[in-house]
Structure formats: structure tokens, C-alpha cells
Number of protein chains: 2
Amino acid sequence: MSSKALPYRPHNHAACVQQALAGARAVCKAQNARLTPTRERVLELIWQSHKPLGAYDVLAALAEDGHNAAPPTVYRALDFLLQYGLVHRIASLNAFIGCTHAGEHHTSVFLICRSCRNALELAAPSVADAVREAAAAQAFTPEETTIEIAGQCPNCRHD
Amino acid sequence: MSSKALPYRPHNHAACVQQALAGARAVCKAQNARLTPTRERVLELIWQSHKPLGAYDVLAALAEDGHNAAPPTVYRALDFLLQYGLVHRIASLNAFIGCTHAGEHHTSVFLICRSCRNALELAAPSVADAVREAAAAQAFTPEETTIEIAGQCPNCRHD
DNA sequence: TGAAAATTTGCAACATTATAACATTCGCCC
DNA sequence: GGGCGAATGTTATAATGTTGCAAATTTTCA
Ligand SMILES: [Zn+2]
Ligand SMILES: [Zn+2]
Ligand SMILES: [Zn+2]
Ligand SMILES: [Zn+2]
């Protein structure tokens, strides 16, 4: 869960990460939340990968920084980032990925390639609507939605 | 993850389980798959609960039978049941539940109550369609779909 | 300022979920 | 009833996630 590969589509990823971090700082400031160095570093590490990153991958990356962290450090940072909508947890992978719509209220769909392991977050309002309707038909009140599609991305389709 | 509660709607659950087991036997027979005693017992244990059951819950239930099983026994049985579509894995809970559409090709939506922990499987073709379209729009080829909605069921709504 | 309070972090142990590797037994076919 | 592949038993270990408490840091407010 830690080898390198091209992101979904080529782009200046360093800039992409910086923009995400700036957005995160703004979100935290607006909500009086403290984006401490550890939290920010964890967010940066997650953003640097287009693949969902496991908690222990983050831990290993912190170790390379010389930060001798234990699991709770990472999980606490992840809890914070989840709480403020800065990252998502991909349940089917036990892994985390940066949210591309931080600060906006949204229901995401994740397209997860089983070959290259990249994951793409979609807003997909039509899916969100269909889910809401299905739940309403059962008088069920949705609080949190997990929609993860595993398959093949266009780049990996011809294996 | 093992206390008892009413199922979503009251019904004769023993009959419900027996019907599921009969269906499972039919599916296995049709595919020349061996529904061995351990596998069938695991399926029965899972069906007896309307709540998704963890692998170690199953293990504990087997122990009460006097079956001194180790984790691989349970995971192998679960793998078999998953492979033949007799149970589903709920990724957000690390737990398993009997499939109410065994033998039929389907994309399910799970409504999972955070209060009573019951889970309801829906066919929800409109959701499946919306997901397919969203994936197609990204030239993504879906292979497996995880849709899990956590929230409050009608019985638990007024806490 | 400067102590009290709240939040965050460090740290050790532990809990839960899942798999690897290899030996043994079972069911089936001949 | 011997051979063979599938299924199970057994032991150990990997991977993921949590609890509890102490130390350090930041915030609050007198
Ligand atoms: Zn998002
Ligand atoms: Zn791919
Ligand atoms: Zn099903
Ligand atoms: Zn409920």
C-alpha cells in the first residue's frame, strides 16, 4: 500500500497539495479548529498520495520525518481530519484520502482502481439523491453514507 | 456486537432462517459447491441475527456449540459464503450479514441503524443505476460496489 | 503577567480483525 | 481400499485500531 504511481491524470501535484493545505487552514480557521503541525503533516502526507493511505503507512512516513510517533498519534490526527471533513476514510480499504471538497457539504462516491489503486472522489449528486430516496422509502434517517466502487480505471482497463 | 433485539419488523425469524438455508442449499447444489456442516452452521448463525455479525462473534457462537474452531475456520467459511453470494460483508462494520437475494445478481444498499444495529438490505435499482452512470461518465469499469448508509431506523428515530 | 483549565501529545499496553504456513482429515472416484 | 483434491485443524503472526494515564502545550481569564 505504498508504491508510487501516476495520479489519475497528470498534473502538478505539489501545487495540488499546497492548495489543499491552504484550503484546510481556511476551514480550520473558520471553525476555530487547531490544525497543529502533526495534523497538518498527516494531511500533507495523505494528500501527497493519490492512493488511499493506511494509518500505518502514515505512521511509517512520519517515522521517515524523524517523528517517532505511536499509533494513537496518527489515529488522533486522522480523527481530527475526518471530523472537519478534510479527509475521508475508505472503509473497504481501511485507508484514508484527502477530501477534494473540504468545507462543502457533500455525499461522495469513490471510484477505486484495483490495479493502480488510485481513488477518485466524485460529488455525484444523482447518486446522493437516489440514496436519499431509497432511505426515505424505508423511513430511514441517513447520517453517514459510504459509497465505494472498486473496479478498473480507464488507464488500467487493458491489462 | 452480540446483544439481542427485535428485527426490523416482527416476523417468524426461525422460518426466515430455514428458508434462507434452503435457498443456500439450492444455490450450492446448482453450482456444485459443497455447503459443508461448518459452512452451513456459520450461515445459520449469521442469519439468526438481523445485526451484522463479526467473524469473532461467529467464532464465539461456534464455541458455544462445542465446536472448538480457530479464526481461519470462520474466515474460510465466510470466504466461501461470500464467493457464492450467500452473505455480504459490511465494510464499515467489519461484519457479515445474510444476503436476502442469494442467487440473484444484484447491487445492494444497506441501511444500518446506529442505535439498534439492525441492517436492512435493499435492492435499490435506482441507486445502482446512478452509480453505474457516474462510473461510466469517468470511463470507470465497476466490479464491486459497497453502499452502506448509517443512520437511524424508524424504530429508533425518537431517542 | 501568571496560575487554573482545557486541549493536545507521548507512551505503553492491549484489543480486534485477518492471514500465512503446514499438517491432517475427509469425500469422492476409481 | 488406495489415490487425489478439497476441506479443516493448528499454531503462529500480521495488520488495524483502542484505552488509559501522564506530560507538555495552549488558552483563558483574573
Ligand atoms: Zn469529500
Ligand atoms: Zn488504475
Ligand atoms: Zn444481497
Ligand atoms: Zn434502530
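Please read all numbers here as calculations on a predicted model, not as lab measurements. Lettering follows sequence order; numbering is per chain, from 1.
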For the pair made of [atom1] in [X] and [atom2] in [N], what is the distance, rounded to whole Å?
X: B:Asp79; N: C:dA18; atom1: CG; atom2: C1'; result: 10 Å
X: A:Leu93; N: D:dA15; atom1: CG; atom2: P; result: 16 Å
X: A:Asn94; N: D:dT16; atom1: CG; atom2: P; result: 7 Å
X: A:Ile90; N: D:dG17; atom1: CD1; atom2: P; result: 12 Å
X: B:Tyr75; N: D:dA14; atom1: OH; atom2: C1'; result: 12 Å
X: B:Leu35; N: C:dG27; atom1: CG; atom2: C1'; result: 15 Å
X: A:Leu59; N: C:dA12; atom1: CG; atom2: C1'; result: 14 Å

C:dT17 phosphate, OP1 or OP2: any side-chain N/O from B:Arg89 under 4.0 angstrom?
->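 B:Arg89 to C:dT17 OP1/OP2: no side-chain N or O under 4.0 Å.
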
Using nucleotides 6-10 of chain C, report all nitrogen or oxygen pairs with the protein that are shorter than 3.5 Å.
from   : atom 1 : to      : atom 2 : distance (Å)
C:dT8  : OP1    : A:Arg39 : NH1    : 3.3
C:dT8  : O5'    : A:Arg39 : NH2    : 3.4
C:dT9  : OP1    : A:Thr36 : OG1    : 2.7
C:dG10 : N7     : A:Arg76 : NH2    : 2.7
C:dG10 : O6     : A:Arg76 : NH1    : 3.1
C:dG10 : O6     : A:Arg76 : NH2    : 3.4

Using atom types as modelled and distance alone, determine if a side-chain donor or acceptor of A:His50 lies under 3.5 Å from a backbone N or O of A:His13.
->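 Side chain of A:His50 to backbone of A:His13, a donor-acceptor pair under 3.5 Å: no, none is there.
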
Answer yes or no: is there a donor N or O on one side and an acceptor on the other, between the side chain of B:His106 and the main chain of B:Glu104, under 3.5 Å?
->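 Flag set: sc B:His106 to bb B:Glu104 pair under 3.5 Å.
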
Would you say the side chain of [Y] lies within less than 4.5 Å of the side chain of [X], judging by non-hydrogen atoms?
X: A:Ile112; Y: A:Ser92; answer: yes
X: B:Leu53; Y: B:Ile97; answer: no
X: B:Glu40; Y: B:Arg25; answer: yes
X: B:Glu121; Y: B:Val109; answer: no

Intermediate values then yes/no, salt bridge (charged side-chain N to carboxylate O under 4.0 Å, His left out), A:Asp129 and A:Arg132 | CA-CA 5 Å; A:Asp129 288 347; A:Arg132 244 190 308 279; 2.7 Å; yes

Which residues in residues 20-32 of chain A have at least one heavy atom lying under 4.0 Å from any atom of DNA chain D?
->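 Close to the strand, none.
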
Between the base of D:dA14 and the side chain of A:Tyr56, is there a donor-acceptor distance below 3.5 Å?
->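 In this structure, the two groups form no donor-acceptor pair.
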
For side chain to side chain donor-acceptor pair (under 3.5 Å), just list the numbers for B:Ser115 and B:Gln152, CA-CA rounded to whole Å, side-chain angles, deciding distance to a tenth of an Å, and then say yes or no.
-> CA-CA 7 Å; B:Ser115 295; B:Gln152 299 295 318; 2.7 Å; yes

Are B:His88 and B:Phe96 near enough that their ring centres are under 6.0 Å apart?
->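 When the ring centroids of B:His88 and B:Phe96 are compared, they turn out to be at least 6.0 Å apart.
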
